[in-house]
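Please read the structure below before turning to the comments.
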Amino acid sequence: MREKCAPREDAGDGQDAAATTPSASLAPGGAWGAAGELSIADLIADKARSGTFFWSVELLPGTTPHLRAQLETSLQQLARRPPAFVSITWHVGHLRDDKHPALELGARVRAALGVPVLLHIAAGRMTCSQVRRVLEACLAVGITNIFALRGDDETDEGSDFHHASDLVYFIRENYGSQFCVGVAGYPSMHPESTSLEEDIFYLKQKVEAGAEFIVTQMVNTFEELHTFVHKCHEHDVKVPIIPGLFLIQSYNTLEKVAKTCSIKVPQNIMQELRQLHNIENQIEYGKNLLKSLLRQMMMFSHCPGAHLFTINK
């Protein structure tokens, strides 16, 4: 990939490249300025210095009536207590639209909550020109925090990005420091890895390519996070690691998420949930598990905050 994608002629420290004309077809049309936003890496560092444990949240663009309804409720709730930042998921199929749902949601989040937006880019099915198009649109609307992913699906043959590290490298080579880049970590191992050590080897490649922080896939126990963080430190991966936590809504939802994302959920959690036939009891179980995890993580010096996966709930 790195040989295929020629650097932009104006790539450098980020000052000259800012003058590049963005892709107007993807930008939400003047809803907010292009001056950029607070770097999430800086935000994490500020919270760590002050000893303030933060929380952030992932939202999904409302691409179906059900998701739109859930999203509206979530935005109203978040307005009462804004998170440190909001990550927004993204799909390559959106590129076919004149307007980009994730960028439009980013504009709404910035306007309504006043917090940084972390835009997912899953580039495993994208070309260099498509990624440039999205990044230029991000600059046009002031999104400067990117979550660089390959994506859960297999890469397309025509893709220029077969690994997330390729995308990180591409952003740094072409846009310098204009973007703050985060990447994913896998405490229970990526499904394609043969060991946690192998997983961390590839994670280190992403950090060496220019990633500034890590948000993990769903963590189910504190021991899982503790082992992962210390393994990372042993391999000299020392950027901030933010655990991803899933708020369990039901047994069926957890089972579906675990299967879709290839996450290993401890059997005792699945068994205890399965025995709770009442949905209200399953929700209460999920809340108590999340609270317990947060209490333990707040006492862990290597854990500055937590990122919540809520599926807009």
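These values consider heavy atoms only, across backbone and side chains, with no hydrogens, waters or symmetry-generated copies.
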Task: Taking every non-hydrogen atom, the tightest pair across Cys232 and Ile200 - done: N-CD1, 3.8 Å

Task: Shortest non-hydrogen contact between Pro243 and Gly305, atoms and distance - done: CD-O, 3.1 Å

Task: Single-linkage hydrophobic cluster Phe300~Ile214, side-chain heavy atoms < 4.5 angstrom - done: yes

Open item on the list: I'd like to know if the side chain of Tyr251 pairs up with that of Gln275 as donor and acceptor (distance under 3.5 Å, no hydrogens or angles considered).
Closed with: no

- [ ] Say whether Glu104 and His100, considering side chains only, have a donor N or O and an acceptor N or O under 3.5 Å apart.
- [x] no

Open item on the list: How close do Gln130 and Met126 get, counting heavy atoms only, and between which atoms?
Closed with: OE1-CA, 3.2 Å

Open item on the list: Please give me the minimum heavy-atom distance between Leu103 and Ala137, naming the atom from each residue.
Closed with: CD1-CB, 3.7 Å

Task: Thr253 versus Gln249, side-chain donor and acceptor atoms under 3.5 Å - done: no

Task: Any donor-acceptor N/O pair, Asn174 side chain to Ile171 backbone, under 3.5 Å - done: no

Task: Cluster link Leu308 to Leu225, ILVMFWY, side chain under 4.5 Å - done: yes

Open item on the list: Between Leu119 and Cys138, does the side-chain contact (heavy atoms from CB on, under 4.5 Å) criterion hold? Intermediate values first, please.
Closed with: CA-CA 9 Å; Leu119 181 72; Cys138 287; 3.4 Å; yes

- [ ] Would you please indicate if the ring centroids of His302 and His226 are separated by under 6.0 Å?
- [x] no

- [ ] First locate atom CD of Glu198, then atom OG of Ser193, and finally report the distance between them rounded to the nearest 0.5 Å.
- [x] 4.5 Å

Open item on the list: How long is the straight-line distance from CD1 of Ile248 back to CD1 of Ile269, given to the nearest 0.5 Å?
Closed with: 6.0 Å

TODO: Nearest 0.5 Å please: distance from the SG atom of Cys261 over to the NE2 atom of His190.
DONE: 10.5 Å

Task: Flag, side chain of Arg125 to backbone of Arg150, donor-acceptor distance under 3.5 Å - done: no

TODO: Give the intermediate values and the outcome of side-chain contact (heavy atoms from CB on, under 4.5 Å) for residues Met189 and Lys264.
DONE: CA-CA 9 Å; Met189 291 194 334; Lys264 300 174 184 176; 3.9 Å; yes

Task: Test log, rule side-chain contact (heavy atoms from CB on, under 4.5 Å), inputs Val117 and Asn145 - done: CA-CA 6 Å; Val117 168; Asn145 292 286; over 6 Å; no

Open item on the list: Does any part of the side chain of Lys238, heavy atoms only, come nearer than 4.5 Å to the side chain of Asp236, both counted from C-beta?
Closed with: yes

TODO: Determine, for Glu72 against Arg108, whether the closest basic-nitrogen to carboxylate-oxygen distance falls under 4.0 angstrom.
DONE: yes

Task: From Leu60 atom CG to Leu67 atom CG, the distance as rounded to the nearest 0.5 Å - done: 6.0 Å

- [ ] Report yes or no: does Ser39 contribute a side-chain atom to a donor-acceptor pair with the main-chain N or O of Asp42 at less than 3.5 Å?
- [x] yes

Open item on the list: Using side-chain heavy atoms (C-beta onward) and a distance below 4.5 Å, is Ile263 in contact with Asn220?
Closed with: yes

Open item on the list: For Val265, run the side-chain contact (heavy atoms from CB on, under 4.5 Å) check against Leu254, Leu273, Val257, Thr221 and tell me which one passes.
Closed with: Leu254

TODO: Kindly determine whether Glu212 and Lys206 satisfy salt bridge (charged side-chain N to carboxylate O under 4.0 Å, His left out), including the steps that lead there.
DONE: CA-CA 9 Å; Glu212 299 171 73; Lys206 292 188 278 189; over 6 Å; no

Task: Nearest-0.5 Å distance, CD of residue Gln70 to OG1 of residue Thr73 - done: 8.0 Å

Open item on the list: Could you tell me if the side chain of Thr310 sits less than 4.5 Å from the side chain of Val57, heavy atoms only?
Closed with: yes

- [ ] Tell me whether Phe201 is reachable from Val239 by hopping between hydrophobic residues (I, L, V, M, F, W, Y) whose side-chain heavy atoms are closer than 4.5 Å.
- [x] no

Task: Any residue meeting side chain to side chain contact (heavy atoms under 4.5 Å, CB included) with Glu284, in chain and number order, not counting sequence neighbours - done: Lys287, Asn288

TODO: Taking the side chain as every heavy atom from C-beta outward, state whether Val183 and Phe213 have any atom pair closer than 4.5 Å.
DONE: no

Open item on the list: Quick one, Val168 and Phe179 - any side-chain contact, counting heavy atoms below 4.5 Å?
Closed with: no

Open item on the list: Would the distance check show the side chain of Thr144 and the main-chain N or O of Gln178 forming a donor-acceptor pair, the cut-off being under 3.5 Å?
Closed with: no

- [ ] Establish whether Leu247 and Val219 are linked, either directly or via other cluster members, by ILVMFWY side-chain heavy-atom contacts under 4.5 Å.
- [x] yes

Task: For the student: nearest non-hydrogen atoms of Asn281 and Leu276, plus distance - done: O-CD1, 3.8 Å

TODO: Using the salt bridge (Lys or Arg N to Asp or Glu O under 4.0 Å) rule, collect all pairs that involve residues 47-64, keeping only residues at least two apart or in two chains.
DONE: Asp46-Arg49

Task: Non-hydrogen side-chain atoms of Lys256 and Asn252 separated by less than 4.5 Å - done: no

Open item on the list: Can a donor-acceptor pair be found, under 3.5 Å and without considering hydrogens, that links the side chain of Arg172 to the backbone of Gly176?
Closed with: yes

- [ ] Could you give me the CA-CA distance, side-chain angles and deciding distance for Glu192 and Tyr186, then say whether side-chain hydrogen bond (donor to acceptor under 3.5 Å, both in side chains) is met?
- [x] CA-CA 11 Å; Glu192 296 175 11; Tyr186 300 88; over 6 Å; no

TODO: Give the intermediate values and the outcome of side-chain contact (heavy atoms from CB on, under 4.5 Å) for residues Arg132 and Tyr175.
DONE: CA-CA 10 Å; Arg132 281 197 182 97; Tyr175 294 89; 3.9 Å; yes

Task: pair Ser56-Val86: side-chain heavy atoms closer than 4.5 Å - done: no

Open item on the list: Looking at every non-hydrogen atom in both residues, tell me the closest pair between Leu167 and Ala123 and how far apart they are.
Closed with: CD2-CB, 3.9 Å

- [ ] For the residue pair Tyr285 and Glu272, establish whether any side-chain heavy-atom pair is separated by less than 4.5 Å.
- [x] yes

Open item on the list: Tell me if the CZ atom of Phe222 is crowded by more than 12 foreign heavy atoms within 6.0 Å.
Closed with: yes

- [ ] Any chance you could measure Leu78, atom CG, to Leu59, atom CG, to the nearest 0.5 Å?
- [x] 6.0 Å

Open item on the list: Between Trp55 and His307, do the side chains contain a donor N or O and an acceptor N or O under 3.5 Å apart?
Closed with: no

Task: hydrophobic_cluster_shared for Leu294 and Ile283, side chain cutoff 4.5 Å - done: no

